[in-house]
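What follows is a single structure, written as structure tokens, with notes after it.
Residue numbers begin at 1 in each chain, while the letters A, B, ... track the order of the sequences. A quick note: this is a predicted structure, and the numbers were derived from the prediction, not measured. Values below: every heavy atom of this structure, side chains too, minus hydrogens, waters and symmetry copies.
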2 protein chains.
Amino acid sequence: MTATAPGPADGVPGSKAAARIRRAACEVFAAKGYGLATTREIAASLGMSPGAVYPHYKTKESLLFAIATEGHRAVLDALLAADDPARSPTERLRAAIASFVRWHAENRAIARVIQYELRALTDDHFELIAGLRRATTRVFTEIAEAGAASGEFSFGDVSTVTLALTSLGIDVSRWFPVRNHADADDLADDYAEIALRIVGARAAR
Amino acid sequence: MTATAPGPADGVPGSKAAARIRRAACEVFAAKGYGLATTREIAASLGMSPGAVYPHYKTKESLLFAIATEGHRAVLDALLAADDPARSPTERLRAAIASFVRWHAENRAIARVIQYELRALTDDHFELIAGLRRATTRVFTEIAEAGAASGEFSFGDVSTVTLALTSLGIDVSRWFPVRNHADADDLADDYAEIALRIVGARAAR
């Protein structure tokens with residue numbers, strides 16, 4: 001999978017109207033769940049007529065797939081933009097986790113949809129999304145392996161630490177914000193330190 | 001909040017039939033989401049007539065509340081059973097996280113419902129559930145603080161590490177099992193080591 005910009009050929013219609021519908025759908029899906037949401041209600045939330053969604057998305061599932069594609073690409077893009085392979089693994093992990101956590105905090109409507117509402121996707125669509133998820137995981141795996149190779153990090157199994165690192169960020173979309181933790185930047189910084197501990201970074205602690 | 005056994009007065013009907021309905025409802029809620037599930041469908045999955053749920057649960061919401069109460073108590077009970085305050089904070093955290101992770105892996109249908117399907121609860125019911133959640137969080141907070149006080153642990157802010165520790169366990173219910181991580185006991189052991197790193201335990205690494 002690659003992290004290229006979304007286009008109509010990939011199931012993410014490029015028009016402004018289609019993008020507005022995706023944003024409105026995210027809010028409705030996040031608030032009441034994909035299952036109960038109707039395209040009629042999504043159109044109504046934009047002051048559009050009941051049938052206004054269909055020229056852009058033939059089915060509710062194609063709308064979910066477009067959101068899932070756009071959201072997973074946005075996470076991957078945020079991660080790749082933050083990760084500079086020329087830097088030390090410690091600095092790379094700090095930047096990557098901060099970006100990953102910040103994205104899940106700042107985009108929690110779409111984050112909740114793409115993390116918790118994917119069971120309705122068709123098998124083919126799910127497979128495409130799984131490819132994007134693997135690409136995201138791979139960024140963390142590569143950084144962890146680079147740190148192990150250079151001796152900066154010390155941990156057991158790379159797939160276990162990768163899982164823990166991604167869980168830390170993904171779960172943010174479930175609870176953020178809460179009273180003591182409502183600033184995305186502060187959380188990103190704090191979780192970056194925790195991530196360094198998870199991989200046993202020499203500079204941590 | 002306390003961790004006493006569930007009883008009818010607390011919204012968790014004690015009869016065997018009511019318990020069977022809760023188990024069936026968990027499967028349906030976890031598979032398609034609370035919103036789309038119907039009590040008719042839950043009854044049908046047990047070979048019961050469409051109205052069979054109502055003598056036990058007047059509304060679908062009261063069924064969700066009973067599941068949420070039962071589930072959150074079960075997590076808290078598992079945690080309290082694993083935590084022996086007479087042991088060292090390191091041993092306490094290892095046991096508590098292992099138990100918490102194992103519970104979310106082994107009970108993932110109810111875990112998914114109680115972690116991701118609570119938005120439909122009434123405000124009053126949500127407040128009761130929030131109390132049980134705070135009691136769970138408090139177990140981790142107390143262990144972390146005991147470790148900081150004894151000098152075994154070294155970390156920044158206790159609420160941040162508590163959040164990270166609980167996230168690690170809760171997110172298991174979203175993804176478990178996957179190909180490389182399908183054994184609940186192995187995962188519990190691995191995550192216990194990661195938890196010790198998160199709090200900066202001296203014995204870790």
(message) I need the minimum non-hydrogen distance between B:L36 and A:G35, along with the two atoms involved.
(response) CD2-O, 3.3 Å
(request) Say whether, by atom type as modelled, one donor and one acceptor occur between the side chain of B:R119 and the main chain of A:A30 under 3.5 angstrom. (result) yes
(message) To the nearest 0.5 Å, what is the distance between CG on B:D171 and CG on A:L163?
(response) 8.0 Å
(request) Quick one: pull up CZ in B:R197 and CG in A:L196 and give me the separation to the nearest 0.5 Å. (result) 11.5 Å
(request) Quick one: closest heavy-atom pair of A:H181 and B:T160, and the distance? (result) CE1-OG1, 3.1 Å
(request) State the CG-CG distance between A:D157 and B:D190, to the nearest 0.5 angstrom. (result) 7.0 Å
(message) Rounded to the nearest 0.5 Å, what separates atom CG in A:N180 from atom OG in B:S159?
(response) 4.5 Å
(message) Counting only non-hydrogen atoms closer than 4.5 Å, does B:A31 touch chain A with its backbone (N, CA, C, O), its side chain (CB onward), both, or neither?
(response) backbone
(request) Give the minimum heavy-atom separation between A:S167 and B:Y191, together with the two atoms involved. (result) OG-OH, 4.4 Å
(message) Using heavy-atom distances under 4.5 Å, tell me whether A:R179 contacts chain B through its side chain, its backbone, both, or neither.
(response) neither
(request) Under 4.5 Å heavy-atom distance to chain B, tell me which part of A:F155 shows up: side chain, backbone, both or neither. (result) both
(message) Could you measure the distance from the CH2 atom of B:W175 to the CD atom of A:Q115? Nearest 0.5 Å is fine.
(response) 14.0 Å
(message) Heavy-atom cut-off 4.5 Å, strictly under: side chain, backbone, both or neither for A:E117 against chain B?
(response) side chain
(request) With a 4.5 angstrom heavy-atom cut-off, could you sort out which part of A:A120 is near chain B: side chain, backbone, both or neither? (result) neither
